Amino acid sequence: VETICPSGSEETQSKLKHPSVLLCFQDWNRTWQTHNPDLTPCFQNTVLVWIPCLYLWLFAPLYILYLKRNDRGYICMTHLNRAKTAIGFTLWLICWADVFYSFWERSHGATIAPVYLVSPTMLGVTMLLATFLIQYERMKGVQSSGVMLNFWLITIVCATVTFRSKILHALNEPASVNVFKYTTFYIYYTMLLISLILACLSDQPPLFSQAVRDSNPCPESGASFLSRITFWWITGLMVTGYKRPLEEKDLWSLNTEDKSQRVVPQLVRRWDQEYKTLYSPKRSAEEEKKDGQPIEESEILLVKTLKKTGDPSLFCALCRTFGPYFLVSSLYKIVHDILMFVGPEILRLLIQFVNDSSAPDWHGYFYTTLLFVCTCVQTLILQKYFHVCFVTGMRLRTAIVGAVYRKALVITNAARRTSTVGEIVNLMSVDAQRFMDLITYINMIWSAPLQVILALYFLWQNLGPSVLAGVAVMVLMVPLNAVIAMKTKTYQVAQMKSKDNRIKLMNEVLNGIKVLKLYAWELAFKDKVSAIRESELRVLKKTAYLGAVSTFTWVCAPFLVALSTFAVYVLVDEHNILDAQKAFVSLALFNILRFPLNMLPMVISSMVQASVSMKRLRVFLSHEELDEDNVERPAISSCESSDSQAVQICNKTNVVSLSLFRINVRIPEGAFVAVVGHVGSGKSSLLSALLGEMQKQKGSVSIKGSVAYVPQQAWIQNATLKDNILFGRDGKDSWYQKVVEACALLPDLEILPGGDSTEIGEKGVNLSGGQKQRVSVARAVYCNCAVYLLDDPLSAVDAHVKLSVFWEYMKAIGLPLSIFSIFLFFCHHLSSLGSNYWLSLWTDDPVINNTQPNREMRLGVYGALGISQGHLRDIQIVVLSVGGILASRYLHQTMLYNILRSPMSFFERTPSGNLVNRFAKETDTIDSVIPSIIKMFMGSMFNVLGSCAVILIATPLVAIIIPPLGLFYFFVQRFYVASSRQLKRLESVSRSPVYTHFNETLLGTSVIRAFGEQQRFITESDGRVDHNQKAYFPSIVANRWLAVRLEFVGNLIVTSAALFAVMARDSLSPGIMGLSISYALQVTASLNWLVRMSSELETSIVAVEKVKEYGDTEKEAEWRLEHSTLPAGWPTAGHIEIHNFGLRYREDLELAISDISVNIEGAEKVGIVGRTGAGKSSLTLGLFRIIEAAQGEIRIDGVNIAELGLHELRSRITIIPQDPVLFSGSLRMNLDPFDGYTDEEVWRALELAHLKNFVSGLPDKLNHECSEGGENLRVLVLDKGQMAEFDSPSNLIAKKGIFYKMAKDSGLV
């Protein structure tokens, strides 16, 4: 550099003919050791000019390549782009003007140093490159560029130093000013300022972009770079949320790269690659033994085992799918981790500055400014890192939910039985959420060791080999925590197993709630759920104790490292002085060390949980799929003969327990074939084989044309009646009317309140059994298929047709326990504060004969205070964990009891997905998430309060700045909360439909596959997930918006502490100053964590609100009355008197049945008949008080049933429900859940039901495990909710009334 930079200023150089002295490249006496600093002209004309040039030339090739691969469209030329281009050319001309002027001076005999030719030339070419990039960005659709904004910023910062120097030179030496070069530089500087301002603005969207097509696009893509890094672009939505509650229409459309249609196929494709490389293709259908016999199932499994070389890696598939984008977050994390160590270094310089009274004042202000800039950059990078992590987590959840949904549509029935509905729902809710949570912490696996290594390096620089004592402490703790992690994983597996069993049982309870109520079995199943829950909580308690031990070791680790290091340092040599610089720089480094060591157990715990979830997901995604070749579908030819075969089965054998074998069937087109046989003979299995639902072992199945399927148990969607019939097909009014009429649905449409637009509840709860079957038949008829498969379709058809919530959680824990826990938090932080204050006093001890006399006493007290805070933290964690488990048990039991006490109308209007979600995700949140968040929230809050207290004591002037910053903090928090609550509400509301739709799909997979509607259902599921993410995405951005602003508050507190310490340097001891600034350096991290934890707490505590909301819903009458006078053997005669009886389904509806008066003698058999909607089921529901009477009464043996407890009534009478329901468990449990009868009585009941032979043939007989799913007869005829006829069948037929017409329609007369 010196060869092109002669001595003197550029003005004097232009006059020198023979410069003989070279000026030093940098003069520290002029730059640093002075009260009026300045850089040398040589440095200004080389380094300050070349830095921006090097930046742009280094990044330009990579940036051009990036733009080429990420073309967003074409932006038309705008005024903004024209202005940017014009200023770029102007800057280029100014640089060339300087070059030409230098040549002109040289031609007139002046000696011009090469730097005055090289630097302007380089700068001019760089400005030309900048102008080219501006245009290239426009052609590639870039609305705002971070690369160019940073270039203009670096350029203006470098030029500002020269600008100041030129001003000072012009004031001090006006005679030597070169007017032309000064003028061009001032114009150049002005143009730079304008370029920087223009770079902060955003251009219009590219042509045909999503922002142009969409009615409410996400503003992120069109936001300026500054807006993106500060998350200002969400402010508009938050202002709306502050003014009024946010609505669904306020939410932006999801970015294209975040949508299911983009994300899910990527993971599915990568997973398929993993899966297919490890598993051999399906074995040939004709593969047989040499002797011609079919291969045994055990041999097939053995062959598959041998061909399998290992488990497919879901982890690799996830890494290949999301790794590249996630790597961006790793880059942010590296930069942030390095910037973390700038703070302690500036602290060292500040303490040095206080100790050096000869140092110029501007040094202190320079360090303070540098500290502020570094902390602000650190904040922006950290929040950008979190944003990338959360978006990755969001995409990961979308992909997992989509992959599980797609897999559920194609797995075989055998595989389906290995995964219950509860387990699969857990995969979508709990396991997907675990992955989502882990993403934000996963970088700590490498970041924590990096931070530890860097901290130890700087500690070595500060304290020398003494730091090895601290390293030894950390190494000793690793094996202990490894053992704890392994044990935690074991507990995690056990807990997930219990959770799956509980959700499975709850799903069955909710699906069969009507049967439970009719049989008065609620208490039996409540006890079964509670027993599983207790085993789950026992494991949870063990995990909590292990967590307490782990946390104790990691909380004590930073202190033990500090204690052992300080102890070795002062005891190894009495001349080693622990002064303020060594102590508090080390303390700041120990505080940095505390974060990775505290985070590591949580990350390990999250990884353990995620590994369990990953295994569960891998097992499910590896399930065997239905072979599309099970059923051949030949094309239909227009010239086929009339006797061509519509269905053909040749030598068919099924692989599952050989359910079907040696079947040969040919069914011609147009034939109507009935398959008959005894129960269990294989009728439904044959239909399953035709649908491709069973694994083919041998032979062939061929179906020509499209297929419609009507299952034995009607599958109804939660949609309008018309949508259930159309089933995704185009509406054709004339054909639709014919179908409705043919399926006898016209009378039903007249009864239903909204006709065919009536919303049908989940599982068709507001339709009768017959209506559900007719809708199912109409769906099949409407699709106008070539082949119809009907599985007993007419079985049910008659012949003719928050803060407050937080305190609620605290109450659930127990008020004394809560107060004691808060007291322990206070004591723990007071102990921590005391140990650090003691350290500051120690560092201020006078040095006598190169030693500190009281060092042993200081060290002993310091150690005692540190150990005490570790023990306090341990007790506090155990107390809070136990309290959390108590609260969780209470809330779950209360919710379970309240839901079981709810009337049937509650279950008819509440989707089961909502209820399952309460018992799955919300309960998991209460179990695991809330206690952990409360711990971290309380810890962060006390950290912030303690830091502010220390800063105020050390530098009271900070009191000027802290109150207004506190008010700003409070306002921003409230402003944020207004929108955040609404976003959480919208997210929560949109989450349940995802699970509801999934639950619904699982029950109807065979119907969906039969109709070939898989893609439509996948699209529907993806749409619901995207709808849910539309509310989730703004909530995570809002968190980042808040964190940036509140961390800025923390940065101002740090700066204020440093600034006022610099101002009070003469009256402040180095120890107190070091304590103050070391605590101030923690404020930003603590505020960031406090913001995050308060947000998480507010989000998670909603789970408590959701769980408790069922306490306020309507309840049934009491199950048992306290003072019951009911006779022991009631009813004895069975005499039923119905007097003027009527009921209605809701208060605002008319009576469903009315004025029914019937007298039924004991042992009399009565059949209730009537058309659809006549009130048959309503009368039965009234008899069991599923619906309470609106008028009149029913007496059984003279006892008014309205005066009995529900269980007293329902347990004494019985019913065979319309829909058969079996619960998972033993057959005996399904018959006698209370164990109230002997085996002989149970066998007698089976014999009467003609099931004794069947059950006797089962391997385990009564212990067989069930999987998830008349001469004296009198007739009561109902019509329009009223009694029309009541007599014996023969008399009613003789009268030729309504009963006669119904019998005639049925072909009985």
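If you read the sequence from its start, that first residue is 1, and numbering goes on from there. Keep in mind that this is a model prediction, so the values were computed, not measured.
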Query - Non-hydrogen side-chain atoms of Phe919 and Leu896 separated by less than 4.5 Å - result: yes
**Report entry** Enclosure of Lys1115 NZ (heavy-atom neighbours >12, cutoff 6.0 Å)
**Finding:** yes
Query raised in the report: Sub-3.5 Å donor-acceptor pair from the side chain of Ser980 to the main-chain atoms of Tyr976, do we have one?
Result: no
Requested in this report: Compare all side-chain heavy atoms of Met895 with those of Ile899 and state whether any distance is below 4.5 angstrom.
Outcome: yes
Query raised in the report: Can you tell if the side chain of Asn1039 reaches within under 4.5 Å of the side chain of Phe386, non-hydrogen atoms only?
Result: no
Query raised in the report: How many angstroms lie between atom CZ of Arg397 and atom OH of Tyr1032, to the nearest 0.5 angstrom?
Result: 8.5 Å
Query - Heavy-atom side-chain contact between Leu859 and Trp842 under 4.5 Å - result: yes
Requested in this report: Verify, without hydrogens or angle tests, whether Thr955 (side chain) and Leu952 (backbone) share a donor-acceptor contact under 3.5 angstrom.
Outcome: no
Query raised in the report: Looking only at atom types and distance, does a side-chain atom of Arg901 sit under 3.5 Å from a main-chain N or O of Glu1116, one as donor and one as acceptor?
Result: yes
Report summary line: Rounded to the nearest 0.5 angstrom, the OG1-CD1 distance for Thr543 and Ile484 is 12.0 Å
Requested in this report: Walk me through it: do Tyr862 and Leu839 pass the test side chain to side chain contact (heavy atoms under 4.5 Å, CB included)?
Outcome: CA-CA 7 Å; Tyr862 181 67; Leu839 185 63; 4.1 Å; yes
**Report entry** Polar contact flag, side-chain donor to acceptor under 3.5 angstrom, Arg889-Ser530
**Finding:** no
Query - Closest heavy-atom pair and its distance - Pro931, Tyr809 - result: CG-OH, 3.6 Å
Query raised in the report: To the nearest 0.5 Å, how far apart are CD1 in Ile951 and CG in Leu957?
Result: 13.5 Å
Report task. Might you point out which heavy atoms bring Ser979 and Leu246 nearest each other, and give the distance in Å? Result -> O-CD1, 4.0 Å
Query raised in the report: What do the steps show when you test Arg533 against Ser888 for side-chain hydrogen bond (donor to acceptor under 3.5 Å, both in side chains), and what is the final call?
Result: CA-CA 10 Å; Arg533 177 65 177 161; Ser888 187; 2.5 Å; yes
Report task. Kindly say whether Arg918 contributes a backbone atom to a donor-acceptor pair with the side chain of Thr923 at under 3.5 angstrom? Result -> yes
Report task. Taking atom types as modelled, find out whether Thr379 and Gln383 have a side-chain donor-acceptor pair closer than 3.5 angstrom. Result -> no
**Report entry** Evaluation steps, side chain to side chain contact (heavy atoms under 4.5 Å, CB included), between Phe968 and Val1049
**Finding:** CA-CA 8 Å; Phe968 176 74; Val1049 171; 3.3 Å; yes
**Report entry** Nearest non-hydrogen partners of Ile885 and Ala544, listed with the distance
**Finding:** CD1-CB, 4.4 Å
Report task. Indicate yes or no: does Lys984 engage Glu987 in a salt bridge with an N to O separation below 4.0 Å. Result -> no
Query raised in the report: Between CZ of Arg538 and CG of Leu540, what distance do you get to the nearest 0.5 Å?
Result: 12.0 Å
Query raised in the report: Are Ile1053 and Ile961 side-chain neighbours, meaning at least one heavy-atom pair lies under 4.5 Å?
Result: no
Query raised in the report: Do we see a donor-acceptor contact under 3.5 Å between the side chains of Glu1047 and Asn1051?
Result: no
Requested in this report: Using atom types as modelled and distance alone, determine if a side-chain donor or acceptor of Ser831 lies under 3.5 Å from a backbone N or O of Cys827.
Outcome: no
**Report entry** Lys487, NZ: over 12 other non-hydrogen atoms inside 6.0 angstrom
**Finding:** no
Requested in this report: Give, for atom CD of Gln495 and atom OG of Ser535, the distance between the pair rounded to the nearest 0.5 Å.
Outcome: 10.0 Å
Requested in this report: Measure from the side-chain N and O atoms of Ser932 to the backbone N and O of Val929, and report whether any donor-acceptor pair falls under 3.5 Å.
Outcome: no
**Report entry** Stepwise side chain to side chain contact (heavy atoms under 4.5 Å, CB included) test for Phe390 and Ile439
**Finding:** CA-CA 7 Å; Phe390 275 107; Ile439 284 292; over 6 Å; no
Query - Heavy-atom donor-acceptor pair, Ser1076 side chain to Ile1072 backbone, under 3.5 Å - result: no
**Report entry** side chain to side chain contact (heavy atoms under 4.5 Å, CB included) assessment of Ser498 paired with Leu537
**Finding:** CA-CA 9 Å; Ser498 295; Leu537 290 177; over 6 Å; no
Query raised in the report: Any side-chain heavy atom of Ile822 within less than 4.5 Å of one from Met938?
Result: yes
Report summary line: When rounded to the nearest 0.5 Å, the distance separating CG of Leu1075 from OG of Ser947 is 9.5 Å
Query raised in the report: Where do Asp924 and Arg434 land on the salt bridge (Lys or Arg N to Asp or Glu O under 4.0 Å) test, with the steps shown first?
Result: CA-CA 11 Å; Asp924 182 66; Arg434 290 252 165 91; 3.1 Å; yes
Query - Main-chain N/O of Val1083 paired to Ser1086 side chain as donor or acceptor, under 3.5 Å - result: no
**Report entry** Flag side-chain contact, heavy atom, 4.5 Å: His892 against Val529
**Finding:** yes
Query raised in the report: So, for Phe566 and Ala583, which heavy atoms are closest and what is the spacing to 0.1 Å?
Result: CZ-O, 3.9 Å
**Report entry** Any donor-acceptor N/O pair, Ser902 side chain to Asn898 backbone, under 3.5 Å
**Finding:** yes
Query raised in the report: So, for Val1054 and Ala1080, which heavy atoms are closest and what is the spacing to 0.1 Å?
Result: CG2-O, 2.8 Å
Query raised in the report: Looking at side-chain heavy atoms only, is the closest gap between Trp1041 and Pro1034 below 4.5 Å?
Result: no
Query raised in the report: Does Val878 offer a backbone N or O that forms a donor-acceptor pair with the side chain of Ser881 under 3.5 Å?
Result: no
Report task. Decide if atom OH of Tyr242 counts as having more than 12 heavy atoms of other residues, nucleotides or ligands within a radius under 6.0 Å. Result -> no
Query raised in the report: Does atom CE of Met857 have more than 12 heavy-atom neighbours, drawn from other residues, nucleotides or ligands, at distances under 6.0 Å?
Result: yes
Query - Greater than 12 external heavy atoms within 6.0 Å of Tyr890's OH - result: no
